[in-house]
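Below: one structure, written as structure tokens.
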Amino acid sequence: MIATTALRAETRRATPPDLERLRADFPILRNVKVNGKPLVFLDNAASSQMAQPVLDRIIQYRTREHANIHRGVHYLSQTATQAYEGARRKVQRFLNAREEREIVFTSNVTDSINLVMYGYGRKFVGAGDEIILTHLEHHSNIVPWQLLCEEKGAKLRVVPINDAGELALDEYEKLFSPRTKLVATTHVSNALGTINPVKEMIATAHRHGVPVLIDGAQAAQHMPVDVQALDADFYAFTGHKIYGPTGIGVLYGKAKLLESMQPFRGGGDMILSVTFEKTTYNAIPHKFEAGTPPIAAAIGLGAALDYVSGIGFDRIAAHEHALLEYATELVGDIPDVRIFGTAREKAAVLSFYVGDVHPHDVGTILDQEGVAVRTGHHCAQPLMQRLGVPATARASFAFYNTFGEVDALAAAIRKVQQLFA
Ligand SMILES: Cc1ncc(COP(=O)(O)O)c(C=O)c1O
């Protein structure tokens with residue numbers, strides 16, 4: 001064991017100096033000590049940290065630009081409206097959407113999926129119809145569809161996975177029937193890191209005339225997403241996992257589909273005219289943004305997308321991939337540690353089990369060493385059942401993580417083993 005550790009120390013890769021410098025943009029990473037130890041933050045798939053330029057943009061809005069939007073003729077209202085609508089244009093560019101009005105601000109990806117369920121599903125799905133999901137889904141992309149199925153008498157069909165955590169694509173094709181109304185799939189599995197071949201999946205669905213919703217909660221922060229190249233019908237992501245604030249999410253939808261949908265929530269800003277007899281609705285995307293939206297959070301998200309785009313996904317992906325490879329090797333070499341999720345295409349997520357120790361105990365001991373990982377079922381209980389475990393421990397990496405932090409993770413896992421020996 002000592003020899004292996006020494007060898008690892010020798011072969012430890014150096015974090016690229018430019019990324020090392022970017023780490024300094026994240027105040028929380030230097031401000032927080034856990035038990036007197038430096039924070040090793042490896043829970044980025046749950047929520048990532050905000051860089052100083054994003055925090056600065058929110059403070060600027062809060063201290064110089066805040067008013068309600070779309071309503072006032074006064075200076076501040078117009079300033080806030082421009083900033084909010086500017087953030088929408090940033091999202092449009094980020095996803096390469098054809099039109100600005102195809103970007104709906106929601107409160108998170110869960111909200112985006114529920115919007116599609118209410119707006120599209122309740123209108124177009126009926127008794128006996130079918131919705132295709134995968135075995136990799138987060139509860140956010142299962143439960144809304146179950147609610148719809150209960151209400152309408154529709155059915156879920158589920159794409160199985162192999163032991164590596166990859167979708168069985170031949171089975172996927174077989175699930176289509178004339179009753180299929182929608183495919184809803186995650187782009188990247190939050191629990192295993194599997195990157196699904198969504199472009200091919202969308203092409204297959206379109207051959208059957210079926211629209212596809214992609215849950216991009218774990219993808220948008222790791223890889224470029226081009227909704228036109230994918231030909232995605234709906235694409236959803238969430239601000240707080242892409243170095244932005246909580247309380248803001250995005251739903252991209254093709255204009256034609258969004259126009260065909262019924263509103264999800266009623267209230268101010270989503271109407272053109274209201275009488276007690278009849279209400280007419282605003283144009284998209286405003287039809288889906290009832291009430292005062294999370295203005296500061298949308299502007300913060302815009303700043304986060306600028307920040308990420310400024311680094312570039314080639315650099316982000318190269319470093320995260322190197323971290324994942326190193327972590328897989330280092331943690332995988334520890335006797336009695338099982339790694340879950342060995343897909344060929346994987347994002348920077350490492351799910352593992354240490355001997356027979358319950359993941360919550362693993363997480364607690366890691367925390368004593370300053371290492372933050374997620375433990376539990378990761379809101380993917382059907383996937384845990386398929387893997388035959390109630391939970392896993394999960395380390396998830398961001399571009400600001402270092403090889404030294406992977407060493408800290410491995411050392412903390414060895415400590416768990418010593419304590420439970
Ligand atoms: C794949 C996936 N989908 C959906 C969600 C839900 O995200 P939010 O809580 O921001 O709505 C998550 C969060 O972990 C996720 O990983």
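Keep in mind the model is a prediction, meaning the values are calculated, not measured. Read the numbers this way: they start at 1 and go in the same order the structure lists the ligands and their atoms.
With hydrogens and angles ignored, the 3.5 Å screen pairs no side-chain donor or acceptor of N108 with any backbone N or O of G249.
The residues E405 and R23 are annotated as salt-bridged, a charged nitrogen and a carboxylate oxygen being separated by less than 4.0 angstrom. A salt bridge does not link E130 with R179: none of the charged nitrogens is closer than 4.0 Å to a carboxylate oxygen. Ion pairing of E369 with K37 is present here, as a side-chain N (NZ or NE/NH1/NH2) and a carboxylate O approach within less than 4.0 Å. Under 4.0 Å is where a charged nitrogen must lie from a carboxylate oxygen, and between E100 and R88 no such pair does.
Under 4.0 angstrom from ligand 1, the non-hydrogen atoms of H240 all belong to its side chain. Contacts between K241 and ligand 1, counted as non-hydrogen atom pairs separated by less than 4.0 Å, involve the side chain only. With a 4.0 Å heavy-atom cut-off, ligand 1 is reached by the backbone of T110 and by its side chain too. With a 4.0 Å heavy-atom cut-off, ligand 1 is reached by the side chain of T186 but not by its N, CA, C or O.
Considering backbone and side-chain N/O of D111, none are found under 3.5 Å from N/O of ligand 1.
In terms of protein heavy-atom proximity, atom 1 (C) of ligand 1 is nearest to D215 OD2, 3.5 Å. Protein heavy atom nearest atom 6 (C) of ligand 1, with residue, atom name and distance: V109 CG1, 3.3 Å. Of all protein heavy atoms, the one closest to atom 15 (C) of ligand 1 is H138 CD2, 3.3 Å.
Taking a cut-off of under 4.0 Å to the non-hydrogen atoms of Q218, the atoms of ligand 1 that pass are 1 (C), 14 (O), 15 (C), 16 (O). Near S140, meaning under 4.0 Å from any of its heavy atoms, are these atoms of ligand 1: 4 (C), 5 (C), 6 (C). Close contacts between ligand 1 and T238 involve ligand atoms 8 (P), 10 (O) [criterion: under 4.0 Å to a heavy atom]. For ligand 1, the atoms lying closer than 4.0 Å to a non-hydrogen atom of N190 are 16 (O).
Side-chain contact between L350 and R394 is absent, with no heavy-atom pair separated by less than 4.5 Å.
F26 approaches L22 most closely through the heavy-atom pair CD1-O, 3.5 Å.
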Report the C-alpha distance between H378 and T392 in whole Å, list the side-chain angles of each, state the deciding distance to 0.1 Å, and finish with yes or no for side chain to side chain donor-acceptor pair (under 3.5 Å). CA-CA 8 Å; H378 313 297; T392 70; 2.7 Å; yes
